[in-house]
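Just below is one structure, and these are the notes that go with it.
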2 protein chains.
Amino acid sequence: MFDTDTAHRPTNECLKITEVLARVGDKWSILVIGRLGDRSMRFNELRRSVEGVSQRMLTLTLRGLERDGLITRTVTSSIPPRVDYELTGLGRSLLVPVEQLARWAQEHRPTVEIARREFDLKMTADTV
Amino acid sequence: MFDTDTAHRPTNECLKITEVLARVGDKWSILVIGRLGDRSMRFNELRRSVEGVSQRMLTLTLRGLERDGLITRTVTSSIPPRVDYELTGLGRSLLVPVEQLARWAQEHRPTVEIARREFDLKMTADTV
DNA sequence: CGGGATCCACCGAGATACTG
DNA sequence: CAGTATCTCGGTGGATCCCG
């Protein structure tokens, strides 16, 4: 699993996946990518849209995504200044597998929640 | 995006996704799931297999996955004791979208790395 | 408006030691 | 073998203030 060939090559392929998941798996990245899936957005517009993200974290998230070539940052020097963020082709392509994962989440969340409650019940029963 | 209907309903659907990504996005979960994709494994076997994971984190990761119903934990009371971990049907179903993401990672990693290097160069150029 | 800089709290995660 | 318990440190992320 996670290997191109049948041989066992953990550190090579798996590190790449870990790397991508470090990018996608953080608290805000996919939410931002999801928002930008529809259209390009400005900073504060994005900030209000994502809801819960702090200014600092949005900035850091956007920087990271820009660094990885997933979004573009377009500055329009005017007063007031205007900065637009937009998905690149690469970012848009990432949207596909992320949507798959989102679908899995929606589909199986009830099951997970039930399992979670059952597990917690067992644990408290053992402790008592 | 991330909504079932066209209306804008961020906090409902998006929170679910965030939840799943919190589960999948942490450092070890998918690696463990990936390893268990082939076959069930014992604790230390898994520990050696994942490579880099500490005993503590493997324990915590396995507990989390078990709690969410993604893996089962089977204890065989013997000397020495034996505990086997195995993917559930739910866990196996999660493997599908995760593989998609893994494929994206493998496919686009070179592009990301180039973008990353370019970005870093620009930054250092600006600073200097 | 779109950030940068700073301070601080929290907890994720490694190291170590002990147990059934 | 398969954990639990504790201590500790570094990083992540929030809050706040300031700037072009």
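Lettering follows sequence order; numbering is per chain, from 1. Worth saying up front: this structure is predicted, and the values here are computed from it rather than measured.
Proximity of a side-chain donor or acceptor of Ser49(A) to a complementary backbone N or O of Glu45(A) within less than 3.5 Å is not detected.
Cluster membership check: Leu121(B) does not share its hydrophobic cluster with Ile114(B), using side-chain heavy-atom separations under 4.5 Å among Ile, Leu, Val, Met, Phe, Trp and Tyr.
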Query raised in the report: Hey, mind stepping through Leu95(A) and Trp104(B) against side-chain contact (heavy atoms from CB on, under 4.5 Å) and telling me if it holds?
Result: CA-CA 10 Å; Leu95(A) 212 49; Trp104(B) 187 94; over 6 Å; no

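Between the C1' atom of dA2(D) and the CG atom of Asp84(B) lies a distance of 12 Å, rounded to the nearest Å. Atom CG of Leu62(B) and atom C1' of dA13(C) are 15 Å apart (whole Å). If you take CE of Met41(B) and P of dA2(D), they are 11 Å apart, rounded to a whole angstrom. Between the CG atom of Leu60(A) and the P atom of dT6(C) there is a distance of 14 Å, given to the nearest Å. As a whole-Å value, the separation of Leu46(B) CG from dG3(D) P is 10 Å. When rounded to the nearest whole Å, the span between CG of Leu31(B) and C1' of dA13(C) equals 15 Å. What separates CH2 of Trp28(A) from C1' of dT12(D) is a distance of 12 Å, to the nearest Å. Protein atom CG of Asn44(B) is 9 Å distant from nucleotide atom P of dG3(D), rounded to whole Å.
Close to dT4(D), at under 4.0 Å from its OP1 or OP2, lies a side-chain N or O of Arg63(B).
Within 4.0 Å of Arg47(B), counting heavy atoms only, lies no atom of the nucleic acid at all.
Between Phe43(A) and Leu62(A), some side-chain heavy-atom pair lies under the 4.5 Å cut-off. When side chains are defined from C-beta on, Asp84(A) counts as touching Arg82(A), because their heavy atoms get closer than 4.5 Å.
Residue Pro81(A) has its side chain nearest to dG2(C) when only dG2(C), dG14(D), dA17(C) are considered. Counting only heavy atoms from C-beta on, Arg56(A) has its side chain closest to dA15(D) among dG14(C), dG3(D), dA15(D). Distances were taken from every side-chain heavy atom of Lys27(B) (C-beta onward) to each of dG14(C), dG2(C), dG14(D); the shortest belongs to dG14(C). Of the candidate nucleotides dG2(C), dC1(C), dT4(D), dG2(C) has the atom lying nearest to any side-chain atom of Val83(A). The Arg73(A) side chain lies nearest to dG2(C) when the options are dG2(C), dG13(D), dA2(D). The nucleotide whose nearest atom lies closest to any side-chain atom of Phe43(A) is, among dA2(D), dG2(C), dT6(D), dG2(C). For Pro80(B), whose side chain is taken as the heavy atoms from C-beta onward, the closest listed nucleotide among dT4(D), dC1(D), dG14(C) is dC1(D). The listed nucleotides are dC1(C), dA2(D), dT4(D); the one nearest the side chain of Arg42(A) is dC1(C).
In terms of position along DNA chain D, the nucleotide closest to Gln55(B) lies nearer the 5' end than the nucleotide closest to the other residue of the pair Gln55(B) and Met57(A).
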